[in-house]
Amino acid sequence: MVITVKAIKNIRIYDFEQYIEHGYIVFDKNIKEVGDMKDYTNHSYQAIDGNNALVMPNLVNGHSHIYSTFARGMSAPFNPS
């Protein structure tokens, strides 16, 4: 399996500790580098232009109640308490 190093540039970054108005993120499977665009050096990364989007790395909540997703609109002949 080949994992390519990528960079998302021209983005706003917020991680609850710092806010970067004009920054970049370099990553493969994990985040390798985060910084301000003035410090960005274009290596052989596949670069993605973020168009000033807000990126909040490591702030993903995978919490779900999947049973209620499947039960939406369900007509049951009883009251499921």
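All values reported here derive from a predicted model rather than from experimental measurement.
By the criterion of side-chain heavy atoms lying less than 4.5 angstrom apart, applied directly or through intervening Ile, Leu, Val, Met, Phe, Trp or Tyr residues, I13 is not grouped with M37; the two fall into different hydrophobic clusters. A chain of hydrophobic side-chain contacts below 4.5 Å, direct or via other Ile, Leu, Val, Met, Phe, Trp or Tyr residues, connects V34 to I8. Each of M56 and I20 belongs to its own hydrophobic cluster when Ile, Leu, Val, Met, Phe, Trp and Tyr are linked at side-chain heavy-atom distances under 4.5 angstrom.
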Chi angles and distances behind the side-chain contact (heavy atoms from CB on, under 4.5 Å) call for T4, D28 | CA-CA 6 Å; T4 307; D28 52 16; over 6 Å; no
| task | Take N51 and N10 through the side-chain contact (heavy atoms from CB on, under 4.5 Å) test and state the conclusion after the steps. | result | CA-CA 6 Å; N51 293 317; N10 300 319; over 6 Å; no
Q | Y40/Y45 under side-chain contact (heavy atoms from CB on, under 4.5 Å): CA gap, chis, key distance, verdict | A | CA-CA 11 Å; Y40 178 74; Y45 307 140; 4.3 Å; yes
| task | Mind running side-chain contact (heavy atoms from CB on, under 4.5 Å) on N52 and I11 for me, showing each step along the way? | result | CA-CA 4 Å; N52 203 33; I11 54 177; over 6 Å; no
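In plain terms, the two heavy atoms of I48 and K6 that are nearest each other are CD1-CD, 4.5 Å. In terms of heavy-atom proximity, K9 sits nearest to Y24 at CA-CB, 4.0 Å.
In this structure, E33 CD and F27 CZ are separated by 13.0 Å, a value rounded to the nearest 0.5 Å. Of the inter-residue distances, the one linking Y19 atom OH with L54 atom CG reads 6.5 Å to the nearest 0.5 angstrom.
A donor-acceptor pair is defined here as one N or O able to donate and one able to accept, closer than 3.5 Å; no such pair exists between the side chain of R12 and the backbone of E21. One N or O on the side chain of D15 and one on the backbone of Q18 form a donor-acceptor pair closer than 3.5 Å.
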